[in-house]
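Down below is the structure, laid out as structure tokens.
Every number for a ligand or one of its atoms is a count from 1 in the order of the listing.
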Amino acid sequence: MAAFEILAAVVAVMLVFYYYMTSTADFFAKRDIPHLPQTPFIGSSVDVFLSRRWRGKVWQDWYNYAKTNGHKFLGVFLGRRPMLVVCDVEMVKTILVKDFQHVMDRGMYFDRQREPLSANLFNLEGREWKALRGKLSPTFTSGKMKSMFYLVRACTDELESYLGGEVQKGGEVEMAEVMAKFSTDVIGSCAFGVEANSLKDPNAEFRNMGRKVFEVDRLRVIVMMIAETMPWLRSLLPMPLINPQVKNFFTRTFNENVEYRERQKVVRHDFIDLLIQLKNKEAGHEGTDHSATGIDEAILPAQAFVFFLAGFETSSAATSTCLVELAHHPEIQEKLREEVDRVLAKHGSITYESLHDMTYMEQCIEETMRLYPALAGLPRVVTRDYQLPGESPKAVLPAGTRVIIPTYAIHCDPEFYPDPMRFDPERFTEENKKSRPHYAYLPFGEGPRICIGLRFAMMQMKTSLAMILRSYRVTPSQKSEYPLQFEPKSFVTRLRGGNRLRITKR
Ligand code: HEM
């Protein structure tokens with residue numbers, strides 16, 4: 001009898017679970033929204049469920065399917081969770097800008113109590129995000145970039161001598177790793193105020209921590225899937241979002257540095273200075289309710305952390321991938337080198353002002369980020385019930401629904417970019433840019449949540465490329481894989497097997 005009761009209880013629990021996992025299957029049908037079917041537990045794609053294919057390519061299949069069938073949107077499922085894929089650039093604009101108030105958050109999992117570093121600008125939501133964004137934006141004006149340029153230049157000089165050493169050793173370099181070290185040094189210097197020494201020291205702690213931040217083992221992939229499909233369940237799991245070693249390192253480094261600067265009255269005009277100013281301004285509001293001013297000073301280390309997290313891998317990947325494309329397109333490399341020589345002859349050396357004259361370089365970087373966007377898609381979540389404009393009155397997305405803007409798919413759409421897989425910086429002349437919709441290009445996102453570090457990233461990428469092209473030539477390595485392949489498991493775009501190149505002195 002007891003065995004029967006246990007069996008009955010197990011069956012009942014399984015049925016309830018099955019019902020829960022499939023109860024969303026008619027979500028889109030009820031709302032007259034074109035959609036793909038839901039496979040119980042898996043959702044619309046087994047590739048996404050098993051993380052065996054890069055999401056950018058899966059979303060591209062969905063985007064192409066929707067476009068071929070004349071749909072502006074496509075409803076899909078991640079496990080049981082419905083997600084709307086936006087497949088029309090006018091709608092992209094509406095969602096990112098015009099109707100931003102309805103779709104302003106990213107729906108990223110964060111937990112301010114257990115993991116204060118996760119309460120950062122990328123993850124924060126609603127009023128709190130808005131207040132913080134307003135306070136951090138002045139940190140990224142062109143004036144502030146100019147005053148930080150000397151720090152980037154110093155790291156570029158280090159990069160030049162590092163590459164000189166590599167040339168003497170034979171010139172075969174893993175460019176993704178070299179640029180990751182360089183950008184760790186840059187962000188370490190600007191966001192944490194320390195010399196990270198990644199280029200000088202093969203065992204530099206900052207670089208090791210940078211590697212750990214992006215490590216994706218099987219368990220982490222599973223936890224990320226749970227956070228994405230059942231956020232309530234994620235918050236019950238004891239697994240930390242951020243490796244505890246990483247958390248301790250960044251929090252300690254930030255706090256020690258703030259303390260040192262305040263004691264010694266050191267001013268470096270970098271991000272940390274600006275965060276200190278913010279902290280002191282907030283202290284001036286003592287006794288005020290932080291939810292009103294929007295800033296709780298305990299979350300400041302999280303902001304330096306997100307500058308590191310969002311800044312170092314994205315910029316370094318774009319620069320090293322650009323170099324790989326230049327190695328495979330020697331005529332484009334020569335044209336760019338001519339520009340660098342001409343501009344440096346005019347300015348005397350690599351100055352902040354000289355970067356503005358490197359317009360062809362900007363085109364090369366833009367074309368790289370078209371083919372290899374840092375985020376395969378821009379995640380959003382509906383914050384207030386949202387009637388899809390121009391659709392059936394039933395097409396109302398309830399708060400909490402996930403939305404994705406499939407950046408990679410749009411960037412590879414032949415309607416906007418003929419022969420889309422070809423690397424061609426001419427697509428980004430002023431004239432050609434004007435000939436296609438603005439929202440067909442989204443490497444930094446768009447609207448009020450556009451990448452806050454865009455200017456900083458461009459400054460860093462251009463400075464390092466200018467130095468490399470001035471002093472060196474890059475060619476493909478025998479060991480390099482081309483065309484480049486995407487790493488399926490990673491949240492930010494990563495290329496499989498790195499970017500090996502041969503580098504020679506000019
Ligand atoms: C090539 C380099 C970079 C690329 C391609 C890139 C790309 C992006 C993208 C696609 C987003 C999401 C935008 C959206 O949802 O609309 C984003 C957000 C963000 N990025 Fe970047 N990024 C880069 C460099 C940086 C740097 C250097 C920093 C900081 C120093 C930074 C800090 C941030 C932050 C804080 C956010 C969240 C902004 C918010 O929600 O208000 N990024 N970035």
For [atom], what's the nearest protein heavy atom and its distance?
| atom | result |
| --- | --- |
| atom 32 (C) of ligand 1 | A310 CB, 3.5 Å |
| atom 28 (C) of ligand 1 | G453 CA, 3.7 Å |
| atom 22 (N) of ligand 1 | C451 SG, 3.1 Å |
| atom 34 (C) of ligand 1 | I452 CG2, 3.8 Å |
| atom 13 (C) of ligand 1 | R449 O, 3.3 Å |
| atom 27 (C) of ligand 1 | G311 CA, 3.5 Å |

At a 4.0 Å threshold, what atoms of ligand 1 neighbour a non-hydrogen atom of [X]?
| X | result |
| --- | --- |
| F456 | 27 (C) |
| S315 | 1 (C), 2 (C) |
| G445 | 10 (C), 13 (C), 14 (C), 16 (O) |
| A374 | 5 (C) |

Y109-N123 side chain donor-acceptor pair, cut-off 3.5 Å: no
Donor + acceptor pair across side chains of E446, H438 (<3.5 Å):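 Short answer, yes.
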Residue portion contacting ligand 1 (non-hydrogen atoms closer than 4.0 Å) for P443: backbone
Heavy-atom contact under 4.0 Å between [X] and ligand 1?
| X | answer |
| --- | --- |
| R106 | yes |
| W129 | yes |
| Q303 | no |
| M461 | yes |

Which of these, [options], has its nearest heavy atom closest to [atom]?
| atom | options | answer |
| --- | --- | --- |
| atom 15 (O) of ligand 1 | Q460, R380, E446, R133 | R380 |
| atom 9 (C) of ligand 1 | F444, F122, F305, F140 | F444 |
| atom 3 (C) of ligand 1 | L132, L378, T314 | T314 |

Interatomic distance, N64 atom CG to L74 atom CG [nearest 0.5 angstrom]: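 It is 11.0 Å, given to the nearest 0.5 Å.
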Using the six-membered ring wherever Trp is involved, compare the ring planes of [X] and [Y] and label them parallel, tilted or perpendicular (cut-offs 30° and 60°).
| X | Y | value |
| --- | --- | --- |
| Y417 | H411 | perpendicular |
| Y352 | F149 | perpendicular |
| F192 | F250 | tilted |
| F249 | F206 | perpendicular |

R53 side chain vs D47 backbone, donor-acceptor pair below 3.5 Å: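 No; judged by distance alone, with no hydrogens or angles, the pair does not exist.
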Determine, for [X] against [Y], whether the closest basic-nitrogen to carboxylate-oxygen distance falls under 4.0 angstrom.
| X | Y | answer |
| --- | --- | --- |
| R427 | E367 | yes |
| E262 | K279 | yes |
| R380 | D105 | no |

